[in-house]
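Below, read A as the first sequence line, B as the second, and so on, with proteins coming before strands; counting in each chain starts at 1.
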Amino acid sequence: MGHWLMKSEPDVFGIEDLAKARRKTTHWDGVRNYQARTYLRDGMRVGDLAFFYHSNCDEPAIVGIVEVVRAGYPDHTAFDANDAHFDADSDPKQPRWFMVDVRFTRKLARPITLATLRNHSAGALKGLALLRRGNRLSVMPVSVAHWKFILGLA
DNA sequence: GCCAACGTTGGC
DNA sequence: GCCAACGTTGGC
C-alpha cells in the first residue's frame with residue numbers, strides 16, 4: 001500500500017470541505033504539473049493513504065488523512081473551457097491530466113505544522129519531499145518510515 | 001538546444 | 001504583500 005501527501009489550500013478546499021462532501025469523497029482535479037500527474041496516473045492505487053496538507057495559509061500543516069478510492073483517470077476539467085484549469089492543448093483522445101478520487105478518513109487530533117516537521121528535517125524526516133527547499137509538488141510520495149514517524153507526532 | 005522571461009506556488 | 005524558487009514557454 002502506498003502513502004502520499006496531497007496539498008490543498010484551505011481557502012479553496014480544506015479538510016472540512018472534504019468532511020462535508022457527499023460521501024466524504026472528492027475528485028482531486030486541477031493538478032497541472034507533470035510529475036504530480038504521473039503520481040496520480042501511475043502511482044496511486046485504491047486503498048493508498050494520503051496526508052491532507054493545508055498550504056498557502058496561516059499555519060501550513062498536515063491536518064488529516066484521506067484514502068484513495070478511485071485510481072487515476074482523466075481529469076475532465078482540462079477539457080472544459082469554462083474551468084479555471086482548462087488546457088486547450090489537451091486532447092480528450094490522449095488525456096494529459098489525471099486525477100484520483102479520495103475519501104475523508106479522519107482529521108488529526110491536532111495539526112502537525114510544517115514547523116514541527118522541519119524540526120526533524122535532518123533526522124527522522126530526512127528526505128521527505130515536502131521539506132525539500134522550494135518544493136512545489138501538490139502530490140508527492142511519503143515513505144512508510146516517514147509516514148509512521150509523522151503519525152507518531154500527532 | 002539554450003536560456004531569458006514569465007506566471008505560479010507557497011512560506012513568511 | 002513580498003519574494004525566492006520553480007516549471008513552462010517561446011524566440012533564437
From NZ of A:K7 over to C1' of B:dG11, roughly how many Å is that when rounded to an integer?
10 Å
Which whole-number value in Å describes the distance from A:R118 CZ to B:dG11 C1'?
8 Å
A:F104 six-ring face occupied by A:R106 cation (under 6.0 Å, within 45°):
no
Identify each atom pair where a protein N or O and an N or O of nucleotides 7-10 of chain C are less than 3.5 Å apart, giving names and distance.
none

Trace of the side chain to side chain contact (heavy atoms under 4.5 Å, CB included) decision for A:Y53 with A:M6
CA-CA 6 Å; A:Y53 177 85; A:M6 305 172 85; over 6 Å; no
Quick check against the 3.5 Å criterion: does A:T38 have a side-chain atom that pairs as donor or acceptor with the backbone of A:A36?
no
Donor-acceptor pair, distance only, cut-off 3.5 Å: does the side chain of A:H54 make one with the backbone of A:I15?
yes
At under 4.0 Å between heavy atoms, how does the protein contact nucleotides 1-6 of chain B? Give one character per nucleotide, 5' to 3', with B, S or -.
------
Are A:Y39 and A:W4 near enough that their ring centres are under 6.0 Å apart?
yes
Pair A:L131-A:L117, side chain to side chain contact (heavy atoms under 4.5 Å, CB included): steps then yes or no:
CA-CA 8 Å; A:L131 301 180; A:L117 295 168; 4.1 Å; yes
Given A:D75 and A:R37, is the salt bridge (charged side-chain N to carboxylate O under 4.0 Å, His left out) satisfied, shown in steps?
CA-CA 10 Å; A:D75 179 348; A:R37 180 283 310 269; over 6 Å; no
Does any pair with a residue in residues 116-135 of chain A pass side chain to side chain donor-acceptor pair (under 3.5 Å), and if so which ones, sequence neighbours excluded?
A:T113-A:T116
